[in-house]
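Before any comments, here is the structure.
Below, chains carry the letters A, B, ... as their sequence lines are ordered, and counting in each starts from 1.
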Number of protein chains: 2
Amino acid sequence: MNDRSSVLLVADTGRGNEAAILNAALAAFGAQGFNGASMRDVAKRAGTSLSNLYNYFPSKSHLLAEVLRHANAELEARVRRAVADAGDDATSRMREAVRAYVGFVVDQQLAMLVSTAEVRYLQGEDRARLVADRDRTQAIFGDIVEQGVAGGEFRTPHAADAARAILSMVNAVATWYRPEGRLSRGQLAEQHARYALALLEAPLPHV
Amino acid sequence: MNDRSSVLLVADTGRGNEAAILNAALAAFGAQGFNGASMRDVAKRAGTSLSNLYNYFPSKSHLLAEVLRHANAELEARVRRAVADAGDDATSRMREAVRAYVGFVVDQQLAMLVSTAEVRYLQGEDRARLVADRDRTQAIFGDIVEQGVAGGEFRTPHAADAARAILSMVNAVATWYRPEGRLSRGQLAEQHARYALALLEAPLPHV
DNA sequence: GGGCGACATGAACGATCGTTCCTCGGTGCT
DNA sequence: AGCACCGAGGAACGATCGTTCATGTCGCCC
């Protein structure tokens, strides 16, 4: 049990071994990369046969696409929920959005790593759909920044650029986070919320 | 000519086709990923034969390692030069370090993409050496932050964490930068210097 | 009870992979 | 003149890849 995710990304989907295959694919792609992992690896991890994978997914690419779709759907849902539960001011909303995002990165570290590293191997409409999904999640942050700039809470120019910088920062958490690290999950989330608000040049109440 | 780098990463090394092979490997790994690109692809891009690659590099892994070593050496040199030419205060040094780093990311976008995406496929001492190289470059930023915190210029807690956040931000520039984008090379560098100083909670002279 | 769709398997196909082997022209040194 | 060595290329090796095929077993519905 040396996993980087204690909770499986995909719960039961109501269709045979589908969830097991998706979780196995995430583990395989995460460990060896999309091109480095073979369908035989995935089958072995899922505890099924090679040919059976093709009863669920028509190709290796589609399998990757489905894994990434599940990951981003869960991420987007978590962030939206956090923003909805936050206050009306941009500062509170940004803080909760960042905290939810970092929380997901910690909970589903492998999924985030695979999401950012292996999207490039998708093509055609699978690729387009995933990029659209990711853009939608990023737009949540962009909208909050715009609200904050319009209301005078943030003083950064170029809302979209600042949002992208913040997301770069929190995405990278997946590349270095270790559960045994100095900061707890909550402290890590709070620290990045502070970085985000500082970057946005919000007036600093802290210290 | 749709390259993402107008200047070759490796100039002549004084040994036959070595530089051509290194640049070809960078292009191939960048376009298809380490496992997606074949040694035949590299040979074709370098304009030589498959077997001749092994007169220069003992394996595909060592070829990747050499490419990444060249990239990080040039990056580190540029940042060190910029810091040495900057003023003595941490604010100036951080600004120039970020500007130099972003400048390199723009000039050698493909090298930065390959550096961050394909290091994972290195093993053993090749991997260890490259991680050490990267850590040395990151330490430049960490030292500046520490200097700034000690001298009262920055108010962020946890110097090393803040430095890592800044580097995450500038590294990610390689994933989205396009030459035809809204900001020029210099504007992009300046904007990220501002983000970095804001994140460090430096007193804001701007605006 | 007969057929049908969903799930499962082992074997096989053709393609491609990293690497090695063998050969050979050229260059410089003794 | 002879020889060692470096750079270069064609052919081949064994392994592994994604995908397909043929076959089989269930449970479910008319």
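The residues Glu118(B) and Arg120(A) are annotated as salt-bridged, a charged nitrogen and a carboxylate oxygen being separated by less than 4.0 angstrom. Note on Glu74(A) versus Arg78(A): salt bridge recorded, some NZ/NE/NH1/NH2 to OD/OE distance being below 4.0 Å.
Applying the 4.0 Å criterion to OP1 and OP2 of dA8(D), one finds that Asn17(B) has a side-chain N or O inside that range. For Thr48(A) and dT9(C), the shortest distance from a side-chain N or O to OP1 or OP2 is below 4.0 Å.
Side-chain to base pairing of Asn55(A) with dA6(C): no donor and acceptor N or O lie closer than 3.5 Å to each other. For dG10(C), its base never sits under 3.5 Å from the side chain of Ser49(A) at any donor and acceptor pair.
Distance OG1/Thr116(B) to CZ/Arg134(B): 9.0 Å, rounded to 0.5 Å. The OG1 atom of Thr13(A) sits 10.0 Å away from the CD atom of Glu66(A) when rounded to the nearest 0.5 Å.
A donor-acceptor contact closer than 3.5 angstrom links the side chains of Ser92(B) and Asp89(B). A donor-acceptor pair shorter than 3.5 Å cannot be found between the side chains of Ser168(B) and Asn171(B).
The separation between Leu53(B) atom CG and dG9(D) atom C1' is 11 Å, rounded to whole Å. One atom, CG of Asn52(B), and another, C1' of dC22(C), lie 15 Å apart when rounded to the nearest Å. To the nearest angstrom, C1' of dA8(D) lies 10 Å from CD1 of Ile21(B).
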What nitrogen or oxygen pairs link the protein and nucleotides 16-18 of chain C at under 3.5 Å?
from, atom 1, to, atom 2, distance (Å)
dG18(C), OP1, Ala37(B), O, 3.4
dG18(C), OP1, Lys60(B), NZ, 2.5
dG18(C), OP2, Met39(B), N, 2.9
dG18(C), N7, Arg40(B), NH1, 2.9
dG18(C), O6, Arg40(B), NH2, 3.0

Is there a side-chain contact (heavy atoms from CB on, under 4.5 Å) between Leu63(B) and Leu22(B) once you walk through the steps? CA-CA 7 Å; Leu63(B) 178 51; Leu22(B) 286 167; 4.0 Å; yes
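Note on ring orientation: taking the six-membered ring where Trp is involved, the planes of Tyr121(B) and Phe34(B) are parallel (angle under 30°, cut-offs 30° and 60°).
Out of dA8(C), dA8(D), dG9(D), the shortest distance to the side chain of Tyr56(B) is found at dA8(D).
Shown for residues 117-125 of chain A: no residue has heavy atoms falling under 4.0 angstrom of DNA chain C.
Residues Asp133(A) and Glu76(A) come closest through the heavy atom pair O-OE1, 4.2 Å.
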